Amino acid sequence: MSSQKLQPPRGTRDLIGDEFRRHHRVIKTARRISALYGFEEWATPIFEDTRVFARGLGETSDVVSKEMYVFEDRGGDSVTLRPENTAGVCRALVSNGLTQSLPRKVFYAGPMFRYERPQAGRYRQFHQIGAEILGVAEPLADAEVIACGYHIQRELGIAEGSVLEVNTLGDTESRDAYRAALVLHFSAHRDSLSEDSQRRLEKNPLRIIDSKDEGDRRLVADAPTIAAYLTPTARAHWDVLRRHLDAFGVPFRENPRIVRGLDYYSHTAFEFVTDRLGAQGTVMGGGRYDGLVEEMGGPPTPSVGWAAGVERLAMLLEAGDLTPPAPRLVNVIPVSEAEEGVAMAVLQSLRAGGIAAEMGYRGNLKRRMERANKQNARAALIVGEAEAARGVVQLRDLDAGTQEEVPVDALVERLRG
RNA sequence: GCGGUCGUAGCUCAGAUGGUAGAGCGCCAGGUUGUGGUCUUGGAUGUCGCGGGUUCGAGUCCCGUCGAUCGCCCCA
C-alpha cells in the first residue's frame, strides 16, 4: 500500500459491508420503536450558526471550548458542524414557530462532529440517534423518553449489557445551592484534590463528584449530596420520575455521581452505561433541559431527551452476532450474447415480481457461474439458445447443485417458495 | 491537549545479531470453447506509512511526522 493512497480524515471512517448493516440496523430499529411512542422524525442541518451551540451548550463546556468544528463561510458568517443535535432541534422548534403546537416529540438520526482524539467508540464524525419531548414539564415525559430508549436497546438485544443510571441535578435554585456547598467542602481540601479536580473546582465543581481519581473519591465520600439541597419542586419531580420508571417497567439504579457535561441540563440526568466498550462506557445519555428553547429565542419550554451513539450501539451488536443476513440474489446467465436480450427480459420480470436478481456484465458461462457462486447467489438461471427458443430457462439451485427446466412464465412463482 | 503500543502485498501476518522482501488467503489465466463450489498448473502483486539521519549498505538502528490503537481529559 502506498502512502499516496488517500485515506479518510482522522477520526472518520467508511461504513461498508457488515459495518454498514450493523449501523443501519440500529437506526432502523430506533426509527421503528420511537414511532411506536409517537415520535416524528426530523432532519435538521448538520451545520448551524455557531451561536446555536455556543449559547446552548455553555461557553465553558468542553464541547464548546475545545471540540467544535467552527469555520467562517464565504459570506463571513461563523458556522459550526453540529457536535450534538438537541440545540439544533430546539432552534428548529423556534425557527418554525412550533412553540405554538406543543408538546412535540422528535426523533432524529445523523452525523455529529467533535474535534477530539479518536479512541475506541469515539470518532470525529460519529452518528447519533436521539429523542426529545418538547414542551412537557411533567416527569411522565422524562420517564417516557427513557422508556423509549430502553425499549430500543431491548429490541436490539443489548439491554442486558447496559445499566440505566439516574440522578437529579435539581432545578436552578437547588443546583446553585448545591454547587455552593460543594465549593465550600472541596475548597477546604483543595491541596488534596487531583490536578484535574482543582481545575474543576473553578470551572465545574459538580464534575468533581464524578472524578476517577482515588484521592478525589475519598473526599467525595464525605461531600454533601444534592438530596439536602433540593427544593420541594425538584424533590417532587425526582420522586415521581422514579415511580414512573417503575410503572413503565424500566429497571434503573440511582447514581448521585451522574453529572452531564452540557450546561443545559436540570432535574433529570441519566446514562445507560456498559463495561463492554473500554473507556467509553456511555451508550445513551440525556436529561431534562428546561431552559434551552428559551436560549434559542423561544418561550420557556420545558423539555427532556437523550442521544445515543450509533457506533457504540453497533459495537455491542457485534458482540451479540446480530447482523441480519444479506438478501441472496438470483443470477441470470445468458449462454452467449445472442440470448442477452431474452435474459434481460427474464431479469426484469423477476425484479417486477419482487425477486432480487442480477445479471453479469460480461464473460462466458463458466465465468458467470463463478461469479454467481462468489456472490452467494441462491440460484442461477441459464438461458441458452435452445431455452430461449422454447420460452424456458435452466434453474440451477446453487446450494443443492440440482438443475431443472422451468418455463419463464412460472419463474416468479417458483422462486417465491 | 497529554501518555503507552503499533505501521511490510487487497486481507492476516513472517522477515535473530543491519546485506536492497516472503507465506497463507484473495485476485488473474489455463486444465474443462453450455455449468459454480473441490482439486490441479501457472501468474501478478509492494516507492516495507512518509521525511530526514547514522552506515559501504536500513524493512531492520536514531529523530521527526502522519495514521491506527489503548488510556487520561471529556463524551455518544
Side-chain angles (χ1 to χ4, degrees), chain A residues 1-13 26 57 60-67 82-86 109-130 149 162 194-197 199-200 203-204 207 210-213 258-262 271-274 277-286 306-316 331 333-336 338-339 360 363-388 393-403:
Chain A
M1 176 171 77
S2 84
S3 65
Q4 348 283 51
K5 197 179 282 182
L6 261 17
Q7 293 299 135
R10 181 161 210 204
T12 69
R13 57 192 202 134
V26 169
L57 318 194
T60 59
S61 68
D62 270 46
V63 170
V64 172
S65 60
K66 58 182 204 194
E67 295 170 6
R82 63 185 186 190
E84 57 96 61
N85 204 30
T86 302
M112 307 294 159
F113 306 84
R114 251 118 101 157
Y115 190 87
E116 293 182 274
R117 266 191 71 169
Q119 226 173 292
R122 176 196 289 174
Y123 305 94
R124 287 184 173 181
Q125 174 177 333
F126 59 106
H127 298 79
Q128 285 188 333
I129 52 174
S162 86
S194 68
E195 211 173 296
D196 282 331
S197 285
R199 221 172 351 93
R200 294 183 179 113
K203 238 178 78 177
N204 191 347
R207 285 234 84 92
D210 193 30
S211 174
K212 286 176 195 162
D213 183 90
I258 301 246
V259 184
R260 312 248 347 133
L262 283 4
E271 289 178 0
F272 283 86
V273 297
T274 176
L277 291 181
Q280 268 60 245
T282 305
V283 101
M284 179 180 283
W306 51 255
V310 176
E311 283 80 1
R312 292 182 186 178
L313 291 170
M315 282 165 85
L316 293 174
N331 197 300
I333 302 178
V335 171
S336 74
E339 290 83 40
N364 57 23
L365 178 55
K366 179 183 161 74
R367 174 94 24 268
R368 288 169 186 261
M369 286 295 290
E370 280 172 354
R371 163 77 186 152
N373 188 60
K374 214 165 292 173
Q375 77 177 169
N376 192 29
R378 57 196 256 235
L381 295 187
I382 300 155
V383 187
E385 191 179 356
E387 288 85 359
V393 303
Q394 296 295 329
L395 189 165
R396 185 174 182 84
D397 183 316
L398 291 177
D399 294 326
T402 56
Q403 187 165 318

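These numbers were taken from a predicted model, which means no experiment stands behind them. Letters go in sequence order (proteins before strands), and every chain restarts at 1.
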**OP:** Check the side chains of Glu84(A) and Gln128(A) for a donor-acceptor pair under 3.5 angstrom, ignoring hydrogens and angles.
**Re:** no
Original post:
Val310(A) near the nucleic acid: base, sugar-phosphate alone, or nothing, with a heavy-atom cut-off under 4.0 Å?
Top reply: nothing
Original post:
Any N or O donor-acceptor pair linking the side chain of Arg122(A) to the base of rC74(B) at under 3.5 Å?
Top reply: yes
**OP:** Whole angstrom is fine here: how far is it from CD in Glu116(A) over to P in rG67(B)?
**Re:** 16 Å
Subject >> Atom-pair distance (CZ on Phe126(A); C1' on rC74(B)), nearest Å >> reply: 12 Å
Original post:
Contact class for Gly11(A) vs. all strands (heavy atom < 4.0 Å): base, sugar-phosphate, or nothing?
Top reply: sugar-phosphate
**OP:** Compare the minimum distances between each of rU69(B), rC74(B), rA76(B) and the side chain of Arg200(A), then state the nucleotide with the smallest one.
**Re:** rC74(B)
Original post:
Can you list the residues that meet the side chain to side chain contact (heavy atoms under 4.5 Å, CB included) rule with Phe113(A), with sequence neighbours excluded?
Top reply: Ile46(A), Tyr69(A), Leu81(A), Pro111(A), Gln125(A)
Original post:
So which one's nearest nucleotide on RNA chain B is more toward 5', Ala308(A) or Tyr115(A)?
Top reply: Tyr115(A)
Original post:
Looking only at atom C1', what distance separates rC13(B) and rC48(B), rounded to whole Å?
Top reply: 13 Å
**OP:** Not counting sequence neighbours, which residues clear side chain to side chain contact (heavy atoms under 4.5 Å, CB included) with Gln375(A)? List them please.
**Re:** Leu329(A), Asn331(A), Glu358(A), Arg371(A), Ala377(A)
Original post:
Say you draw a straight line from CE of Met284(A) to OG1 of Thr274(A); how long is it, rounded to the nearest 0.5 Å?
Top reply: 12.5 Å
Original post:
Rounding to the closest angstrom, what is the interatomic distance between rA58(B) and rC25(B) at atom P?
Top reply: 34 Å
If you restrict it to nitrogen or oxygen atoms, what contacts under 3.5 Å exist between nucleotides 32-38 of chain B and the protein, and what is each distance?
from: rG34(B); atom 1: N1; to: Glu387(A); atom 2: OE1; distance (Å): 2.9
from: rG34(B); atom 1: N1; to: Glu387(A); atom 2: OE2; distance (Å): 3.1
from: rG34(B); atom 1: N2; to: Glu387(A); atom 2: OE2; distance (Å): 2.9
from: rU35(B); atom 1: O2; to: Gln403(A); atom 2: OE1; distance (Å): 3.3
from: rU35(B); atom 1: N3; to: Gln403(A); atom 2: OE1; distance (Å): 3.0
from: rU35(B); atom 1: N3; to: Gln403(A); atom 2: NE2; distance (Å): 3.1
from: rU35(B); atom 1: O4; to: Gln403(A); atom 2: NE2; distance (Å): 2.8
from: rG36(B); atom 1: O2'; to: Asn373(A); atom 2: ND2; distance (Å): 3.3
from: rG36(B); atom 1: N7; to: Arg396(A); atom 2: NE; distance (Å): 3.3
from: rG36(B); atom 1: N7; to: Arg396(A); atom 2: NH2; distance (Å): 3.2
from: rG36(B); atom 1: O6; to: Arg396(A); atom 2: NE; distance (Å): 3.3
from: rG36(B); atom 1: O6; to: Arg396(A); atom 2: NH2; distance (Å): 3.0
from: rG36(B); atom 1: N1; to: Leu398(A); atom 2: O; distance (Å): 2.8
from: rG36(B); atom 1: N2; to: Asn373(A); atom 2: OD1; distance (Å): 2.8
from: rG36(B); atom 1: N2; to: Leu398(A); atom 2: O; distance (Å): 2.5
from: rG36(B); atom 1: N3; to: Asn373(A); atom 2: OD1; distance (Å): 3.2
from: rG37(B); atom 1: O4'; to: Asn373(A); atom 2: ND2; distance (Å): 2.9
from: rG37(B); atom 1: N2; to: Leu398(A); atom 2: O; distance (Å): 3.3
from: rG37(B); atom 1: N2; to: Asp399(A); atom 2: O; distance (Å): 3.2

Original post:
What distance, rounded to whole Å, do you find between the two C1' atoms, one in rU55(B) and one in rG22(B)?
Top reply: 26 Å
**OP:** Give a yes/no answer on whether the side chain of Arg117(A) brings an N or O atom under 4.0 Å of OP1 or OP2 in rU69(B).
**Re:** no
**OP:** Without swapping roles, check the side chain of Arg312(A) against the backbone of Val283(A) for a donor-acceptor pair under 3.5 Å.
**Re:** no
Subject >> Atom of Pro334(A), atom of Arg368(A) and distance for their closest heavy-atom approach >> reply: CD-NH1, 3.4 Å
Subject >> Residue pair Gln403(A), Ile382(A): steps toward the side chain to side chain contact (heavy atoms under 4.5 Å, CB included) verdict >> reply: CA-CA 10 Å; Gln403(A) 187 165 318; Ile382(A) 300 155; 4.3 Å; yes
Original post:
Quick one: Glu67(A) CD to rC72(B) C1', roughly how many Å, whole number?
Top reply: 14 Å
Original post:
With rounding to whole Å, what would you report as the distance between rU65(B) and rG19(B) at their C1' atoms?
Top reply: 28 Å
Subject >> Closest to side chain of Gln119(A), choosing from rA68(B), rA76(B), rC70(B) >> reply: rC70(B)
Subject >> Gln7(A) CD to rG7(B) C1', straight-line distance once rounded to whole Å >> reply: 12 Å
Original post:
Under 4.0 angstrom, heavy atoms only, what part of the nucleic acid is Glu84(A) near: base, sugar-phosphate, or nothing?
Top reply: nothing
Subject >> Separation of rA76(B) P from Trp306(A) CH2 (nearest whole Å) >> reply: 12 Å
**OP:** In whole angstrom, give me the gap between the C1' atoms of rG36(B) and rA9(B).
**Re:** 28 Å
Subject >> Minimum heavy-atom distance Pro83(A)-Phe126(A), with the two atoms named >> reply: O-CZ, 3.9 Å
Original post:
Listed by chain and number, what are the side chain to side chain contact (heavy atoms under 4.5 Å, CB included) partners of Asn376(A), not counting sequence neighbours?
Top reply: Arg328(A)
**OP:** Check side-chain hydrogen bond (donor to acceptor under 3.5 Å, both in side chains) between Arg124(A) and all other residues, then give those that pass, not counting sequence neighbours.
**Re:** none
**OP:** Rounded to whole angstrom, note down the C1' distance from rC50(B) over to rG67(B).
**Re:** 10 Å
Subject >> Heavy-atom neighbours of Gln119(A) CD exceed 12 at 6.0 Å >> reply: yes
**OP:** Rounded off to whole Å, could you give me the CD-to-C1' distance for the Glu311(A) and rU69(B) pair?
**Re:** 17 Å
Original post:
In dot-bracket form, how is RNA chain B paired, counting a Watson-Crick or G-U wobble pair only if both its distances are under 3.5 Å and using | for bases paired to another strand?
Top reply: (((((((..((((.....[..)))).(((((.......))))).....(((((..]....))))))))))))....
Original post:
With rounding to whole Å, what would you report as the distance between rA23(B) and rC62(B) at their P atoms?
Top reply: 29 Å
**OP:** Tell me whether rA21(B) sits syn or anti, counting syn as a glycosidic angle within 90° of 0.
**Re:** anti
**OP:** Assign Met112(A) to base, sugar-phosphate, or nothing according to its heavy-atom contacts below 4.0 angstrom with the strands shown.
**Re:** nothing
**OP:** Name the nucleic acid region contacted by Ala120(A), choosing base, sugar-phosphate or nothing; use a 4.0 angstrom heavy-atom cut-off, strictly under.
**Re:** sugar-phosphate
Subject >> Rounded distance in Å - CZ (Arg10(A)) to C1' (rG49(B)) >> reply: 14 Å
Subject >> Rounded distance in Å between the C1' positions of rG18(B) and rA76(B) >> reply: 48 Å
